Amino acid sequence: MSGNLARKDRTRAALLLAPAYLWLTLAVFLPLSAMAFFSFLSDVPFGDRDWHVTLDNYRAVFESGTYATLLWKSLKLGMTVTALSVLIGFPCAFVLAKVIRGRAREAMFLLVILPFWSNSLVRIFSWAIVLRGNGVLSGLIDAILPWDVRINLMFSPTAIVIGLVHSYLPYVILTSYLALQAIDDSLIEAARSLGARRRTILLRLILPLAAPGIIAGAVLIFVPVVGSFMEPRLLGGRLGTYYGTVIEDQFVAVFNWPLGAALSFVLLAVILTILALASPALRRSQR
């Protein structure tokens, strides 16, 4: 009897999960399959274009040092933005989870998720107004300091990092907050009663227990930042050429979809390799 009930429960669960998994399958694997097909073509299979299956696109990616340089540049950008987001976001999440209570926490949460309520282009152009020469930041500093100051951070790597950190910072705050909320306050009080210092509590208790949330937020930031193209292009100008902007150019400007698809799959392979190499450390942090 119990076996029949368990079988019915599994059937019911499968029926409930089927629409979501079907949608995920169509939304993820179907575009990836089309992209994989395009990456092995000599030209787009539209109209009367002559195309055939070839490995020239991948050969061009690996033989050109330019793509490797841009990929490394994008990886460094992803690591920089991820590190800054964790350094800024974790203290904010700790304050939200363990210090602020009541309506003040709700107001802080509103400020954290506020970037999600606006379009990404609006956020980017807002930073352009702030960071440009004679902009809001330059005018504010010039009004405070007694001497003439002119700051122009637009079209620089600094502007790109600022725009990306602003866009993706909420991810690490929210994931770290959930991990910190799961830590029982009595554990912290017990450590204090045993004479542990604040630094010891942070390094030996809070950080290990909150590591899954921090790592989840870091992954959610690193993966999209490596392939980002809007912030580098709009805030970086001619200095904003990264791996993601080259991929966008292949699809939008050059109309070389096969090469763009090959570049995309190389990026996907690199990110999956990095995550696979880091998975043992990720599993140890979750034990």
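We count residues from 1, following the sequence as given. Because the structure is predicted, anything quoted here is derived from the model rather than measured.
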Using 0.5 Å steps for rounding, measure from the [atom1] atom of [X] to the [atom2] atom of [Y].
| X | Y | atom1 | atom2 | answer |
| --- | --- | --- | --- | --- |
| Thr200 | Leu194 | OG1 | CG | 12.0 Å |
| Phe251 | Leu259 | CZ | CG | 9.0 Å |
| Leu164 | Glu231 | CG | CD | 4.5 Å |
| Phe222 | Thr80 | CZ | OG1 | 10.0 Å |
| Ile215 | Leu220 | CD1 | CG | 12.0 Å |
| Thr273 | Leu268 | OG1 | CG | 9.0 Å |

Mind listing the closest non-hydrogen atom pair of [X] and [Y] along with its distance?
| X | Y | result |
| --- | --- | --- |
| Ser42 | Asp50 | OG-O, 4.1 Å |
| Leu235 | Ala159 | CD1-O, 3.3 Å |
| Ala210 | Phe90 | CB-CE1, 4.0 Å |
| Tyr58 | Ser39 | OH-OG, 2.8 Å |
| Ile173 | Gly89 | CG1-CA, 3.6 Å |
| Pro170 | Val112 | CG-O, 3.3 Å |

Between Ile183 and Leu180, does a side-chain contact (heavy atoms from CB on, under 4.5 Å) hold up when you go through it step by step? CA-CA 5 Å; Ile183 300 175; Leu180 289 167; 4.0 Å; yes
Are [Y] and [X] linked, directly or through intermediate hydrophobic residues, by side-chain heavy-atom contacts shorter than 4.5 Å (ILVMFWY only)?
| X | Y | answer |
| --- | --- | --- |
| Ile100 | Ile88 | yes |
| Met230 | Leu239 | no |
| Phe125 | Val122 | no |
| Leu187 | Ile201 | yes |
| Leu87 | Val225 | no |

Any pair with a residue in residues 193-208 that passes salt bridge (charged side-chain N to carboxylate O under 4.0 Å, His left out), sequence neighbours left out, goes on the list, sorted by first then second residue, please.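 Sorted pair list comes back empty.
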Does anything in residues 95-120 pair up under salt bridge (charged side-chain N to carboxylate O under 4.0 Å, His left out), and if so which pairs, sequence neighbours excluded?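 The answer is Lys98-Asp185, Arg101-Asp185.
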On the 0 to 90° scale, with breaks at 30° and 60°, tag the Trp51-Phe37 ring pair as parallel, tilted or perpendicular. perpendicular
Assign the ring pair Trp127 / His166 to parallel, tilted or perpendicular, where the plane angle (0 to 90°) is split at 30° and 60°.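 Rings of Trp127 and His166: perpendicular, as their planes differ by over 60°.
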Examine distances only and state if a side-chain atom of [X] and a backbone atom of [Y] form a donor-acceptor pair shorter than 3.5 Å.
| X | Y | value |
| --- | --- | --- |
| Thr82 | Met79 | no |
| Ser74 | Tyr243 | yes |
| Ser33 | Phe29 | yes |

Is it true that atom CZ of Phe265 has more than 12 heavy atoms of other residues, nucleotides or ligands lying nearer than 6.0 Å? yes
Around atom CG of Asp184, are there more than 12 heavy atoms of other residues, nucleotides or ligands at under 6.0 Å? yes
Is there a side-chain contact between [X] and [Y] in this structure, where contact means two heavy atoms from C-beta onward sitting under 4.5 Å apart?
| X | Y | result |
| --- | --- | --- |
| Asn256 | Pro258 | yes |
| Leu77 | Val226 | no |
| Leu267 | Leu263 | no |
| Leu178 | Leu174 | no |
| Ser126 | Arg123 | no |
| Phe62 | Val266 | yes |
| Ile124 | Arg233 | no |

Test Ile160 against Tyr242 for side-chain contact (heavy atoms from CB on, under 4.5 Å), laying out the working first. CA-CA 11 Å; Ile160 298 172; Tyr242 287 83; 3.7 Å; yes
From the list Thr245, Thr241, Leu75, side chain to side chain contact (heavy atoms under 4.5 Å, CB included) partner of Leu70 resolves to Thr241
Start with the C-alpha gap between Phe40 and Thr54, add the side-chain angles, then the distance that decides, and say whether side-chain contact (heavy atoms from CB on, under 4.5 Å) holds. CA-CA 5 Å; Phe40 291 102; Thr54 180; over 6 Å; no
Should Val44 and Phe255 be marked as a side-chain contact (heavy atoms from CB on, under 4.5 Å) after you check the CA-CA gap, both sets of side-chain angles, and the distance that decides it? CA-CA 9 Å; Val44 291; Phe255 202 66; 3.8 Å; yes
